[in-house]
Amino acid sequence: MADSFADQLRDQLDGIQAELERLATRRRLIEELLGLESASGAAAPAAKTRDGRTARRTATAAKRPRLPRGLTTGKIREFLGAQRQPVHATAILAYLEQ
């Protein structure tokens with residue numbers, strides 16, 4: 001019985017770990033979409049960490065080429081307008097990368 005309980009706890013832990021990885025991927029995609037949308041030349045506001053400190057952007061994010069203002073929004077609306085059902089953020093990102 002103890003082994004069964006330990007196995008159940010391990011299964012739950014594995015499920016939680018998988019969910020954390022899925023959420024981390026989703027967060028990265030959302031941050032990429034937001035980064036594409038911010039086309040202004042001014043620096044983006046610093047992101048806050050959980051404890052309130054400001055996080056610094058990586059050098060690669062600062063070097064990414066900027067798109068004209070509104071282009072990304074228009075492309076996303078064009079893509080979503082052609083869809084009949086809700087789409088995942090990864091599908092939108094894949095469309096934008098084309």
Side-chain angles (χ1 to χ4, degrees):
M1 174 141 176
D3 289 333
S4 174
F5 183 69
D7 290 340
Q8 288 177 352
L9 288 177
R10 283 188 195 97
D11 289 342
Q12 284 183 341
L13 186 59
D14 290 342
I16 291 170
Q17 185 62 39
E19 180 70 9
L20 286 172
E21 290 169 3
R22 185 188 69 78
L23 290 172
T25 301
R26 185 174 181 185
R27 179 183 180 138
R28 182 187 55 81
L29 291 172
I30 290 171
E31 287 174 348
E32 285 182 34
L33 284 172
L34 290 173
L36 289 172
E37 182 61 29
S38 66
S40 67
K48 296 275 184 180
T49 59
R50 284 188 180 160
D51 59 359
R53 293 180 295 155
T54 52
R56 296 182 183 208
R57 291 190 170 258
T58 61
T60 55
K63 293 180 182 178
R64 185 176 22 214
R66 297 289 187 183
L67 298 173
R69 182 175 291 282
L71 178 67
T72 305
T73 303
K75 290 293 183 183
I76 292 172
R77 287 183 181 164
E78 174 186 316
F79 175 72
L80 292 176
Q83 305 303 311
R84 294 178 187 251
Q85 296 179 352
V87 266
H88 195 271
T90 54
I92 297 170
L93 185 59
Y95 174 78
L96 292 173
E97 287 176 344
Q98 291 176 357

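These numbers come from a predicted model, not from an experiment. Keep in mind that the numbers below use all heavy atoms, side chains included, and drop hydrogens, waters and symmetry copies.
- Among pairs with a residue in residues 12-21, those fulfilling side-chain hydrogen bond (donor to acceptor under 3.5 Å, both in side chains) read Q17-E21, E19-R22, at least two apart in sequence or across chains.
- With rounding to the nearest 0.5 angstrom, the CG atom of L96 is 6.5 Å from the CG atom of L33.
- Applying the side chain to side chain donor-acceptor pair (under 3.5 Å) rule to D7 yields the partners R10; only residues at least two apart in sequence or on another chain are considered.
- Its side chain within the 4.5 Å cluster rule, I16 clusters with L20 among the Ile, Leu, Val, Met, Phe, Trp and Tyr residues.
- Identified under the side-chain hydrogen bond (donor to acceptor under 3.5 Å, both in side chains) test for residues 82-98, with sequence neighbours left out: E78-Y95, H88-T90.
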Inset, instruction - Take I92 and L80, measure what side-chain contact (heavy atoms from CB on, under 4.5 Å) needs, and give me the verdict at the end. - result: CA-CA 8 Å; I92 297 170; L80 292 176; 4.0 Å; yes
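- The side-chain contact (heavy atoms from CB on, under 4.5 Å) check on A91 picks up F79, V87, with sequence neighbours excluded.
- Annotation: salt bridge (Lys or Arg N to Asp or Glu O under 4.0 Å) contacts of R28 (sequence neighbours excluded): E32.
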